[in-house]
Asker: 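Before we start, here is the structure in question, set down as structure tokens.
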Amino acid sequence: MTITFIGHGYVGLVTACIFADFGNEVFVVGHTKEKVARLRKGDPIIYEPTLKELLKKNLQAKRLHFTLDFQEAIPRSEIVFIAVGTPPKDNGEADLSAIFDVSRKLAKYLKRGLTVVACKSTVPVGTNKKIEAILLKHKPKGAEIAVASCPEFLREGTAIYDTLNPDRVVIGTSSKKAAEKLIELHKSLNGKRVMTDLASAELIKYTANSMLATKISFANLISFYCEKTGADVETVLDAVGLDERIGRVFMNPGVGYGGSCLPKDVKAITQTGSNLNINVDFLKAIENINQTAQKNLIQKIKRYSPGKKIAIWGLSFKPDTDDIREAPSINIINQLLELGFKIFAYDPVANTNIKKIFVNKINLLTDQNKPLENADALVILTEWNEFKQTDLKNIKKLLKYPVIFDGRNLYNPQLMKKLGFKYFSVGRKSVL
Ligand code: UGA
């Protein structure tokens with residue numbers, strides 16, 4: 001099949017590479033000259049494990065084409081995926097301007113006969129109907145369209161694995177022909193097929209992300225109870241998670257969820273609910289707890305840090321990505337700077353992105369051990385693998401005081417006690 005992706009973020013680029021790898025001819029339309037030039041040379045722009053190799057392989061095979069020109073891609077395509085960003089507006093609503101803009105642009109170049117236009121971007125319920133109206137208004141005579149909603153469930157850091165092995169492929173459309181074409185395109189992917197209508201497909205995506213955020217905030221809420229009562233959050237959640245109705249996955253307490261999806265989507269579904277006159281107190285609580293999780297860590301640092309020189313490990317919003325959008329690290333660093341702390345930080349891949357935000361306000365180091373030298377305490381914000389089994393005795397040697405604030409519960413408190421650390425983690429007894 002010949003298909004087009006409009007947008008080359010995590011969703012657009014990863015999915016385009018995978019469909020190209022299956023032997024399809026894939027066009028990717030971007031809107032920044034410099035980025036398209038980099039992509040053509042095999043530079044994925046974003047950091048995602050093994051994406052570079054997949055990109056290069058399919059560029060070399062000439063199955064993957066990057067362009068700025070809608071006209072080069074759209075008239076040849078049987079399916080056009082919209083995969084542009086829907087960032088939050090100030091009021092939390094999803095900004096759909098890019099979606100509507102590309103819909104207008106692509107409509108002009110639709111060929112005679114049927115083109116399936118499928119939206120992969122996360123959009124509030126009702127948006128695909130608006131896309132359909134725009135396409136119908138701007139399409140040339142003789143062009144037919146069928147609109148579909150195909151939400152994406154990949155996670156950053158494991159995007160390629162997730163795309164190849166989704167739990168489900170959701171296809172929302174009222175067009176039989178569109179459904180058939182999309183089923184055919186997705187046939188090499190694992191996972192169950194969910195065939196549904198547009199509105200349900202749109203809502204499935206928000207339901208999934210707000211449920212995931214709920215699990216995290218619930219785990220954090222229970223961690224607050226544990227800290228006040230001396231209970232141990234990991235034991236509580238492990239025990240509760242043994243109940244198959246509840247489960248243990250995605251219930252890790254910490255400094256809260258970040259990234260370009262969960263925070264934005266919880267805000268957007270809250271806003272949609274308000275617009276529909278639905279009581280959204282529950283959704284608001286998810287976000288409040290997330291913010292409290294960050295405040296708790298800052299309180300601990302304020303109270304127990306022996307000095308103002310702090311080392312930080314982990315800046316990306318989660319491991320295996322250089323993405324810092326809505327990363328807890330940004331808020332926490334800002335607060336610590338306001339409190340007069342001096343920061344020496346390290347992240348395996350996100351230093352460059354963090355530098356764009358803080359410029360010279362913090363010191364970024366490329367060696368994991370460097371920020372520790374003579375620092376008054378270490379703060380851990382992202383659970384990169386390389387921090388998990390690091391040489392704790394060496395940390396103790398390098399720090400001025402053996403104090404760790406662990407926002408991701410990486411180490412065993414008993415062991416930390418034995419090694420002579422003061423150790424503050426989340427929802428577990430502090431080692432004082
Ligand atoms: C999320 C969803 O997991 C994907 O299914 C979805 O496709 C994607 O959003 C999207 O909408 O595009 P992602 O943002 O890549 O994926 O990252 P997650 O793995 O969901 O992690 C989000 C945040 O939650 C991270 O900051 C992570 O540290 C935090 N988290 C995760 C916790 O604090 N505790 C947990 O138990 C799990």
Side-chain angles (χ1 to χ4, degrees), residues 220 223 227 252-258 290-319 324 326-351 353-355 357-358 361-392 394-413 415-416 419-432:
N220 280 324
S223 81
E227 289 186 4
N252 298 312
V255 281
Y257 59 79
N290 202 48
Q291 285 167 9
T292 308
Q294 294 180 15
K295 281 187 205 142
N296 269 3
L297 181 80
I298 294 160
Q299 285 306 324
K300 284 179 201 159
I301 299 171
K302 219 168 122 179
R303 180 150 178 218
Y304 295 108
S305 176
K308 295 269 180 183
K309 187 176 172 191
I310 294 281
I312 293 183
W313 274 3
L315 300 165
S316 57
F317 83 97
K318 64 184 265 191
I324 55 158
E326 302 262 349
S329 65
I330 298 176
N331 184 31
I332 292 169
I333 290 174
N334 269 322
Q335 305 269 331
L336 291 175
L337 288 174
E338 260 179 43
L339 291 166
F341 283 91
K342 289 210 157 28
I343 291 169
F344 295 77
Y346 164 79
D347 187 281
V349 296
N351 279 7
N353 285 338
I354 278 282
K355 176 116 186 134
I357 295 188
F358 290 103
K361 285 192 196 153
I362 65 172
N363 302 282
L364 288 161
L365 298 140
T366 49
D367 177 324
Q368 186 175 325
N369 285 328
K370 276 277 170 214
L372 304 176
E373 287 172 7
N374 236 1
D376 296 314
L378 166 64
V379 178
I380 299 173
L381 298 181
T382 317
E383 67 277 32
W384 282 92
N385 268 344
E386 55 212 274
F387 305 151
K388 290 181 183 163
Q389 293 185 347
T390 192
D391 182 351
L392 292 164
N394 190 44
I395 298 184
K396 198 174 167 207
K397 224 189 292 165
L398 294 170
L399 286 172
K400 191 163 171 195
Y401 303 100
V403 180
I404 299 184
F405 299 94
D406 179 358
R408 297 289 178 184
N409 285 359
L410 295 191
Y411 310 125
N412 177 326
L415 175 67
M416 298 309 274
L419 292 173
F421 278 98
K422 284 191 180 171
Y423 179 61
F424 304 88
S425 52
V426 180
R428 305 187 295 179
K429 271 190 202 131
S430 296
V431 176
L432 293 163

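Index from 1, following the sequence. Fair warning: this is a prediction, and the values are worked out from it, not measured in the lab.
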Asker: Short question: side chain of S223, backbone of G427 - any donor-acceptor pair under 3.5 Å?
Answerer: no

Asker: Stepwise, does the side-chain contact (heavy atoms from CB on, under 4.5 Å) test hold for I333 with L315?
Answerer: CA-CA 10 Å; I333 290 174; L315 300 165; 3.8 Å; yes

Asker: Taking side chain as C-beta onward, heavy atoms only, is V426 less than 4.5 Å from N252?
Answerer: no

Asker: Can a donor-acceptor pair be found, under 3.5 Å and without considering hydrogens, that links the side chain of T390 to the backbone of L392?
Answerer: no

Asker: Output all residues satisfying side-chain contact (heavy atoms from CB on, under 4.5 Å) with K361, sequence neighbours left out; order by chain, then residue number.
Answerer: L337, F358

Asker: Which residue pairs satisfy the side-chain hydrogen bond (donor to acceptor under 3.5 Å, both in side chains) criterion with at least one member in residues 294-305, sequence neighbours excluded?
Answerer: E227-K300, Q294-N331

Asker: Quick one, I343 and V379 - any side-chain contact, counting heavy atoms below 4.5 Å?
Answerer: no

Asker: May I have all residue pairs that pass side-chain hydrogen bond (donor to acceptor under 3.5 Å, both in side chains) and include part of residues 421-432, sequence neighbours excluded?
Answerer: D406-Y423, Y423-R428, S425-R428

Asker: Do N351 side-chain atoms and Y346 backbone N/O form a donor-acceptor pair below 3.5 Å?
Answerer: no

Asker: Using a 4.5 Å cut-off on heavy atoms from C-beta on, say whether the side chain of I354 contacts that of I330.
Answerer: yes

Asker: What salt bridge (charged side-chain N to carboxylate O under 4.0 Å, His left out) pairs are there with at least one residue in residues 336-351, not counting sequence neighbours?
Answerer: none

Asker: Could you tell me which residues satisfy side-chain contact (heavy atoms from CB on, under 4.5 Å) with D391, sequence neighbours excluded, listed by chain and number?
Answerer: K393, N394

Asker: Between L365 and F344, what is the shortest heavy-atom contact and its length?
Answerer: CD1-CB, 3.9 Å

Asker: What are the two closest heavy atoms between K396 and G420, and how far apart are they?
Answerer: CE-O, 3.9 Å

Asker: Do I395 and W313 touch side chain to side chain, with heavy atoms closer than 4.5 Å?
Answerer: yes

Asker: Taking all heavy atoms of S316 and all of A327, pick out the closest pair and write down the distance.
Answerer: C-CB, 4.1 Å

Asker: Side chains of W384 and V349: closer than 4.5 Å at any heavy-atom pair?
Answerer: yes

Asker: Does the side chain of K400 reach to within under 4.5 Å of the side chain of K309, using non-hydrogen atoms?
Answerer: no

Asker: Can you find a pair of side-chain heavy atoms, one from I312 and one from I362, that are under 4.5 Å apart?
Answerer: no

Asker: For the NZ atom on K308, are there more than 12 heavy atoms of other groups (residues, nucleotides or ligands in this structure) within a distance under 6.0 Å?
Answerer: yes

Asker: Is any side-chain heavy atom of L432 less than 4.5 Å from a side-chain heavy atom of F424?
Answerer: yes

Asker: Restricting to non-hydrogen atoms, name the atom on F387 and the atom on L410 that form the minimum distance, rounded to 0.1 Å.
Answerer: CB-CD1, 3.7 Å

Asker: Show every salt bridge (charged side-chain N to carboxylate O under 4.0 Å, His left out) that has at least one partner inside residues 372-384, sequence neighbours left out.
Answerer: K370-E373, E383-R408

Asker: List the atom of N353, the atom of I324, and the distance in Å for their closest heavy-atom pair.
Answerer: O-CD1, 3.5 Å

